[in-house]
Amino acid sequence: GRQPIKSNNGGPHGAVQPFSDEDASIETLSHCSSFSDAMSVADEGGEAGEETAQEDLQYKLNVFIDSTVDKSAKTRQGALDGLKAAMATRILYEFISDRRMTITDSIERCLKKGKGQEQCAAASLACLLCIQLGSGVESEEVFKTLKPIFKNILLDGAANIQTRQACATSLGLCTLVVEDDILDVYATMESFESLFMRSYVKEDGSRPSLNPQTTLLHTNALLSWALLLTICTGSQVKAVTHLPKLPRLLENDDVNMRIAAGETIALLFELARDMDPAFEYDDWEPLCDKLNSLATDCNKHRAKTDKRKQRSVFRDVLKAVEERDFQTETIRFSTERMTIDSWVRKRTYDAFREFVGSGMNYHLQANEFIRDVFELGPPVLVDAATLKSMKISRFERHLYNAAAFKARTKARNKFRDKRVDVGEF
């Protein structure tokens, strides 16, 4: 175990209990806060440097994992943030896989006992854990523990509102990654519906008066609901029943709710038309008028940046509803490119991007699960010359080689497996 940390005041309480002392634990963490240190070591020392960097990173991650159960809330928060940063920007499958239940226990404890900010960090970490583990038994175990907690917080009107907002987003993405029973997906979608339907205009035409924080909770619930819509099989897009109501959310005072509603409407039209090319919507013209007025909004009472953001989104939404057209976007990463050519893809990409942020290109390149989601095939193996021209650090190259090695081993094992009918090859 750790030695008690001596305080310098030398008074009668000279020996402080291990790690109850905030400063001491924070000092330990601050040594571990910068991932770039480990990376720069790799550049200097060739092969040896690479190993040192690997060990250094693993040491830091272990300190973070230990610190998630520290007595100090500030230390726990730092540890959660450190783990989030690492998982967003690296592929740590082997490391995490061995420690997934320890990390899950920490997330559970922080969600149940922590306060707002700490709970939010724990909820995000749960998503990153599932993104690292991909779809399968390992992430199922994680989700089995966390799903009931997410749902309880989400539907508990007395819980911290920021925590509920975070749970709305995390529950959506974890469900997308992990859940394989469509009935469970529907049940979760119903939890989301029960929230955002409260923002609908009432029967008598009056609008519910909700504070901005509650509106944000409903917006997140709507976006998660739309995310899960992308994996509902064709015959089951019961969601079209929401089409008559969603346009009323376009009148919401909150720009993010208006945008979420607009994008969800575009997504619903795309799904409905995929299912039935002759799909007709009764109030199509009034809807197009409404979308058009948002795409050209010059309302004096709205902030400039809000209007700009809104106009650009609604130009695309109008195009989708009116002309079945999608504004294609190309994402370039390493030597590859990916096209976002549908609302389904856009919703999925935005959802992952929210958690991995600037690490998105790295995950598109090396995370087998995310590559599966976007149908990119196994990670591309780049030859040494190209790697050099791409100037990635030795440490990254080491990770890359490890991923390549794993992919090759998998492919060979398939070959060697007696159950595979050789005729297939």
Worksheet entry | Exceeds 12 heavy-atom contacts within 6.0 angstrom, atom CD of E323 |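 Result for CD/E323: enclosed.
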Fill in: R337 atom CZ, neighbour heavy-atom count above 12 within 6.0 Å
no
Heavy atoms only: give me the nearest [X]-[Y] pair and the separation to one decimal.
{"X": "V321", "Y": "L291", "answer": "CG2-CD1, 3.8 Å"}
{"X": "S199", "Y": "L210", "answer": "OG-CD1, 3.4 Å"}
{"X": "F64", "Y": "A79", "answer": "O-CB, 3.3 Å"}

Item to complete: Anything under 30° is parallel, anything over 60° is perpendicular, the rest tilted; go ahead and classify F196 against Y200.
Response: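 Perpendicular.
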Item to complete: Indicate the ring-plane relationship of F374 and Y349, choosing parallel, tilted or perpendicular according to the 30° and 60° boundaries.
Response: perpendicular
Fill in: H363-F355 aromatic ring centre distance below 6.0 Å
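Ring-ring flag for H363/F355: false, centres at least 6.0 Å apart.
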Fill in: Distance (rounded to the nearest 0.5 Å) between I331 CD1 and I340 CD1
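That separation rounds to 4.0 Å.
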Response to the item:
Between the CG atom in L129 and the OG atom in S106, the distance rounded to the nearest 0.5 Å is 10.5 Å
Worksheet item: Salt bridge or not for E251 and K290, using N-O below 4.0 Å?
Response: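 Salt bridge flag = yes for K290 with E251.
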Worksheet item: Does a salt bridge link E375 with R345, judged by any charged N lying under 4.0 Å from a carboxylate O?
Response: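 The answer is yes: the pair qualifies as a salt bridge.
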Worksheet item: When E118 is tested against each of K113, K74, R76 for side-chain contact (heavy atoms from CB on, under 4.5 Å), which residue passes?
Response: R76
Worksheet entry | Residue that, paired with L125, satisfies side-chain contact (heavy atoms from CB on, under 4.5 Å) out of T68, D81, L83 | L83
Discussion item. Under a 3.5 Å threshold, yes or no: a donor from one side chain and an acceptor from the other, between K151 and T188?
Written reply: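 Present: a donor and an acceptor within the cut-off.
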Practice prompt. Indicate whether the side chain of T102 and that of D105 have a donor and an acceptor atom separated by less than 3.5 Å.
Written response: no
Worksheet item: With a cut-off of under 6.0 Å to the ring centre and 45° to the axis, is R99 in cation-pi contact with F95?
Response: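 Output yes; distance and angle both within limits.
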Discussion item. Please evaluate residues L223 and R347 with respect to the criterion side-chain contact (heavy atoms from CB on, under 4.5 Å), reporting the C-alpha separation (whole Å), side-chain torsions for both, the decisive distance (0.1 Å), and the verdict.
Written reply: CA-CA 8 Å; L223 286 169; R347 184 69 213 94; 3.3 Å; yes
